[in-house]
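In what follows, a structure is listed as C-alpha cells, so that the remarks can point back to it.
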Amino acid sequence: SVAVGNQAGQTTQGENSVAVGNAAGYDTQGASSVGVGYAAGQTTQGQSSVAVGTSAGNDTQAGYTVAVGYQAGRLSQLTGSVAVGQNSGQVSQGSNAVAVGNSAGGQGQSGSSVAVGFQAGKTTQGGNAVAIGYSAGNDTQGASAVSVGQAAGQTTQGSNAVAVGL
C-alpha cells in the first residue's frame with residue numbers, strides 16, 4: 001500500500017491500496033482501492049473502489065465503485081455505481097447506478113438508474129430510470145421512466161413514463 005500526504009491512509013489502509021492527498025483514504029480504505037485528491041475516499045472506502053478528485057467518494061463509498069470529479073459520489077455511493085463529473089452521484093447513489101456529467105444523478109439516484117448530461121436525473125431519480133440530455137429527468141423522475149433530450153421530463157415525471165425533448 002502507498003500513502004502520500006498529511007493523514008493519507010492513516011487508519012486501516014487495505015492491502016494494495018493507494019491514497020494520495022491530504023486525508024485521502026484516511027479511515028478504513030479497502031483493499032485494492034485508490035483515493036487521489038484532498039479527502040478522496042476519506043471515510044470507509046470499499047474494496048476495489050476508485051475516488052479521484054476533491055472529496056470524491058468521501059464518506060461511505062462501497063466496493064467496486066468509481067467516483068471521478070469534485071465531490072463525485074461524495075456521500076453514500078453504493079456497490080457497483082459510477083459517478084463521473086463535478087457533483088455527480090453526490091449524495092445517496094444506489095447500487096449499479098451510473099451518473100455522467102456535472103450534477104448528474106446528484107441527490108437520491110436509485111439503483112440501476114442512468115443519468116447522462118448536465119443535471120440529468122439531478123434530484124430523486126427512481127430505480128431503473130434513464131435520463132439523457134441537459135436537465136433531462138432533473139427533478140423527481142419516477143421508477144423505470146425514460147427522458148431523452150434537453151429538459152425532457154424535467155419536473156415530476158411519473159413511473160414508467162417516456163418523455164422526449166429537444
The side chain to side chain contact (heavy atoms under 4.5 Å, CB included) partner of Ser144 among Val130, Val162, Asn128 is Asn128

Hey, does Val91 have a side-chain heavy atom less than 4.5 Å from the side chain of Arg74?
-> yes

Close side-chain approach of Tyr134 to Gln119, heavy-atom, < 4.5 Å | no

Mind checking whether Tyr64 and Val66 sit in one hydrophobic cluster, side chains of I, L, V, M, F, W, Y counted as touching below 4.5 Å?
-> no

For the [atom1] atom of [X] and the [atom2] atom of [Y], what is their distance to the nearest 0.5 Å?
X      : Y      : atom1 : atom2 : result
Ser81  : Asn96  : OG    : CG    : 7.5 Å
Lys122 : Gln141 : NZ    : CD    : 15.0 Å
Gln107 : Ser92  : CD    : OG    : 9.5 Å

Compare every heavy atom of Ala129 with every heavy atom of Gly142, then report the nearest pair and how far apart it is.
-> O-CB, 3.6 Å

From the options Gln77, Gln125, Gln90, select the one residue that forms a side chain to side chain donor-acceptor pair (under 3.5 Å) with Gln109.
-> Gln125

Of Thr28, Asn58, Asp59, which is the lone residue that meets side chain to side chain donor-acceptor pair (under 3.5 Å) with Gln42?
-> Asn58

No-hydrogen, no-angle side-chain donor-acceptor test under 3.5 Å, Ser49 and Thr65 | yes

Gln13 and Ser17 side chains, donor-acceptor separation under 3.5 Å = no

Could you tell me which residues satisfy ring pair (Phe, Tyr, Trp, His ring centres under 6.0 Å) with Tyr70, sequence neighbours excluded, listed by chain and number?
-> none

So with a 6.0 Å cut-off around OH of Tyr38, is the heavy-atom count from everything else above 12?
-> no

